Amino acid sequence: LTIPLSALDFTTDSTASATANDWTVIQVGVLLQAVVERHAKSLVEEGELHSVSVTFDVSADAATGSEVTFESRIDRKTRTLVFASGIAKQNDRHLLKATVVFRIS
């Protein structure tokens with residue numbers, strides 16, 4: 001199983017898109033997590049991020065050949081934790097939602 005991280009085209013630190021190429025739900029989830037992590041890293045001035053918890057809610061599979069958009073949102077940031085979420089959509093169809101908690105060290 002390969003994760004096509006190089007397929008992501010970032011428009012901002014919190015949004016990206018890529019054209020689906022026979023992706024599994026796992027691949028879509030990892031791509032979304034990469035977008036969420038990039039967004040979270042952009043808000044952390046010092047230290048590294050470590051995933052503490054990742055939850056995926058799947059609604060649909062990605063259709064091959066169509067663009068998937070990935071959007072991230074930071075729900076809350078404390079001194080030691082970042083609570084974030086994101087969604088993956090294709091043609092306004094919800095594919096997957098992720099909720100991620102990062103520890104800052």
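Everything numeric in this text was worked out from a predicted model, so none of it was measured.
Note on Val54 and Ile87: separate hydrophobic clusters, where clusters join Ile, Leu, Val, Met, Phe, Trp and Tyr whose side-chain heavy atoms are under 4.5 Å apart, directly or indirectly. Residues Leu32 and Leu8 share a single hydrophobic cluster, defined by chaining ILVMFWY side chains whose heavy atoms lie under 4.5 Å apart. Grouping the Ile, Leu, Val, Met, Phe, Trp and Tyr side chains by contacts below 4.5 angstrom, directly or via other members, places Leu5 with Val36. There is a path of hydrophobic side-chain contacts, each under 4.5 Å, that joins Ile104 to Phe102. Hydrophobic clustering, with ILVMFWY side chains joined whenever heavy atoms are under 4.5 angstrom apart, keeps Val101 apart from Leu96.
Looking only at side-chain heavy atoms (C-beta outward), Phe56 and Ile26 stay at 4.5 Å or farther from each other. Residues Glu37 and Val100 have side chains not in contact (no heavy-atom distance under 4.5 Å, counting atoms from C-beta outward). Val58 places none of its side-chain heavy atoms less than 4.5 Å from the side chain of Leu95. Taking 4.5 Å as the limit, every side-chain heavy atom of Leu43 sits out of range of all side-chain heavy atoms of Val82. Using a 4.5 Å heavy-atom threshold, the side chains of Thr69 and Thr15 count as separate.
Once rounded to the nearest 0.5 Å, the distance linking CD of Glu67 with OG1 of Thr19 reads 6.0 Å. Here CG of Asp9 is found 11.5 Å from CZ of Phe70. Values are rounded to the nearest 0.5 Å.
Taking both residues in full, the closest heavy atoms of Val44 and Glu46 are given as CG1-O, 3.1 Å, listed atom of the first, atom of the second, then distance. The shortest heavy-atom contact between Val68 and Ala62 is CG2-CB, 4.3 Å. Heavy-atom minimum distance, Ser14 versus Val35: O-CG1, 3.8 Å.
Residue pairs meeting the side-chain hydrogen bond (donor to acceptor under 3.5 Å, both in side chains) criterion with at least one member in residues 81-92, sequence neighbours excluded, are Asp75-Ser85, Gln90-Arg93. Screening residues 96-105 for side-chain hydrogen bond (donor to acceptor under 3.5 Å, both in side chains) gives His50-Ser105 as the qualifying pairs, with residues at least two apart or on separate chains.
Atom CG of Leu81 sits in a crowded spot, with more than 12 heavy atoms from other residues, nucleotides or ligands closer than 6.0 Å.
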